[in-house]
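The structure appears right after this line, and notes come after that.
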Protein chains: 2
Amino acid sequence: MNEVVVLTPERILEVTEDVLRRFGLAKATVVDVARALDVSHGSVYRHFPSKASLREAVAKRWLDRVSAPLAKIAEGSGPAPARLERWLRTLCLAKQKKVCDDPEMFATYLALAREACVVVKAHKERLADQIATILYDGVKQGAFQVTDVRASARAILDAISRYHHPAHAGEWKDADLAERFDALLALLLKGLEAPRKR
Amino acid sequence: MNEVVVLTPERILEVTEDVLRRFGLAKATVVDVARALDVSHGSVYRHFPSKASLREAVAKRWLDRVSAPLAKIAEGSGPAPARLERWLRTLCLAKQKKVCDDPEMFATYLALAREACVVVKAHKERLADQIATILYDGVKQGAFQVTDVRASARAILDAISRYHHPAHAGEWKDADLAERFDALLALLLKGLEAPRKR
DNA sequence: TGGATAACAGATATTGAAATCTGTCATCCA
DNA sequence: TGGATGACAGATTTCAATATCTGTTATCCA
């Protein structure tokens, strides 16, 4: 049988994540990754053109893991307002859980994200698309009154920055966090709402 | 005549700001400040118990200069929605102008604010109070329908974080900034609005 | 012949000794 | 006697030599 373990980009990314977890972003080197894979560092450069591109790929993996469960909610069915609320709560709670469970790794990913701004931008576009999907449903259902779905989707994502953007992670320990988030959510949903028929 | 120049806290703060401008936050020392004042650094410690407290006082001065013109708007008269819009635009444009005019000094103040989180918290409370003042007027005028003025005020401040919080300064160069801010503002104002009488 | 390697040059990081800084205090002086 | 001073100890920063890392390439091998 003697399985020959081949060096794939996927395997490199896994090990890189592990190395980042153990050493932190500042200290982790390509040589460390190669050592953990038991290959020369030149071999890593065969699969990724630079250290920056390797890091970018790790960032992308992480962000994809964030957006996947949200996509499920966005593409679900049922009343749009409830769905939007669930989507927004899921996004913010996921981020807040991450920082709470493993603050060091979160800090690592934050720094990584700052470098890989192209990847982050694409991620934000995807999130805005998901909100837009829900808003579009809401307009069809007559629950929302929105003139520009795309602009509103971005406005909502912007509005909750404080509760999902890693730069604000330091403010997530406040006792009144949930209360304030609820107030913001209520304000946004009221802003989207179509006037009641009577 | 021979005016004796006395060493006042105010004069120390002025010179400290100047030293910060010239050397940057990381390099500026209490000794530098004392040198610029032509006194021993021990004299500075007679007026401020520590370097941290000196920096805090500088941060406070800066934040007070931000909130003063906003207080004028908040305490003005006229229709609350227009006043709120003006207040929010003034806050965000002031911050964005600062970062555009003197990015280095802005970075210095950002780092300073991160240290002096107590002072920053008080500043945010003051801003929320100002918004609450406008909201209260709006409710009285029948323009806004808000159950908890204080909570709504904080929700609004939170919602525009992306456009006034220095942590997002990197995103203020985007071409669609004004457009996106307008969309968010419209959404928030719609959320505050009392249903039209008919 | 695709994929791994070791050797290499230039860039970056580490390290430890020396310099500087922070905060205190006994002393001075107007 | 309130306010300034300079000397001081311990903490922090700087700087330059040394080590390590990044990215390339000629070479190897299965």
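Atoms considered below: every heavy atom in the structure, side chains included; atoms not considered: hydrogens, waters and symmetry mates. Since the model is a prediction, treat every value here as computed from it, not as a measurement. Convention: sequence-line order gives letters A, B, ...; per-chain numbering from 1.
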(message) Test of understanding: clusters of I, L, V, M, F, W, Y form through side-chain heavy atoms closer than 4.5 Å, transitively. Do A/Tyr136 and A/Leu84 belong to the same one?
(response) no
(request) Ignoring backbone atoms, establish whether B/Ser40 has a side-chain N or O less than 4.0 Å from OP1 or OP2 of D/dA4. (result)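 Looking at the OP1 and OP2 atoms of D/dA4, neither is under 4.0 Å from any side-chain N or O of B/Ser40.
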(message) A quick test of your reading: do over 12 heavy atoms of other residues, nucleotides or ligands sit less than 6.0 Å from CZ of B/Arg86?
(response)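 At most 12 heavy atoms, drawn from other residues, nucleotides or ligands, come within 6.0 Å of this atom.
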(request) Taking the six-membered ring for Trp and the full ring for Phe, Tyr or His, determine whether the centres of A/His165 and B/His165 are under 6.0 Å apart. (result) no
(request) Would you check if the side chain of B/Lys27 reaches a backbone N or O of B/Leu20 as a donor-acceptor pair within less than 3.5 Å? (result) no
(request) On the 0 to 90° scale, with breaks at 30° and 60°, tag the A/Trp62-A/Tyr109 ring pair as parallel, tilted or perpendicular. (result) parallel
(request) Using the criterion of both pairing distances under 3.5 Å for Watson-Crick and G-U wobble pairs, give all stems of 3 or more consecutive pairs involving DNA chain D. (result)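 Paired runs of 3+ in DNA chain D: C:1-30 with D:1-30.
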Rounded interatomic separation in angstrom, taking [atom1] from [X] and [atom2] from [N]:
X       : N      : atom1 : atom2 : result
B/Phe23 : D/dT14 : CZ    : C1'   : 16 Å
A/Leu37 : C/dA4  : CG    : P     : 11 Å
B/Leu25 : D/dT13 : CG    : P     : 12 Å
A/His47 : C/dG2  : NE2   : P     : 14 Å
B/Arg35 : D/dT5  : CZ    : P     : 14 Å

(request) Apply salt bridge (Lys or Arg N to Asp or Glu O under 4.0 Å) to the pair B/Lys124 and B/Asp129, showing each step before the final yes or no. (result) CA-CA 9 Å; B/Lys124 285 182 181 168; B/Asp129 285 344; over 6 Å; no
(message) Test of understanding: with salt bridge (charged side-chain N to carboxylate O under 4.0 Å, His left out), list the residues that count as partners of A/Lys95, not counting sequence neighbours.
(response) none
(message) Is it the case that the side chains of A/Asp32 and A/Thr29 hold a donor-acceptor pair, with the cut-off being a distance below 3.5 Å and no angle test?
(response)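 The criterion, which ignores hydrogens and geometry beyond distance, is satisfied for A/Asp32 and A/Thr29.
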Find every protein N or O atom lying less than 3.5 Å from an N or O atom of nucleotides 22-29 of chain C, and list the pairs.
{"from": "C/dT22", "atom 1": "OP1", "to": "B/Val30", "atom 2": "N", "distance (Å)": "3.2"}
{"from": "C/dT22", "atom 1": "OP1", "to": "B/Lys51", "atom 2": "NZ", "distance (Å)": "2.9"}
{"from": "C/dT22", "atom 1": "OP2", "to": "B/Val30", "atom 2": "N", "distance (Å)": "3.1"}
{"from": "C/dT22", "atom 1": "OP2", "to": "B/Val31", "atom 2": "N", "distance (Å)": "3.4"}
{"from": "C/dG23", "atom 1": "OP2", "to": "B/Tyr45", "atom 2": "OH", "distance (Å)": "2.8"}
{"from": "C/dG23", "atom 1": "OP2", "to": "B/Lys51", "atom 2": "N", "distance (Å)": "2.7"}
{"from": "C/dG23", "atom 1": "N7", "to": "B/His41", "atom 2": "NE2", "distance (Å)": "3.1"}
{"from": "C/dG23", "atom 1": "O6", "to": "B/His41", "atom 2": "NE2", "distance (Å)": "2.9"}

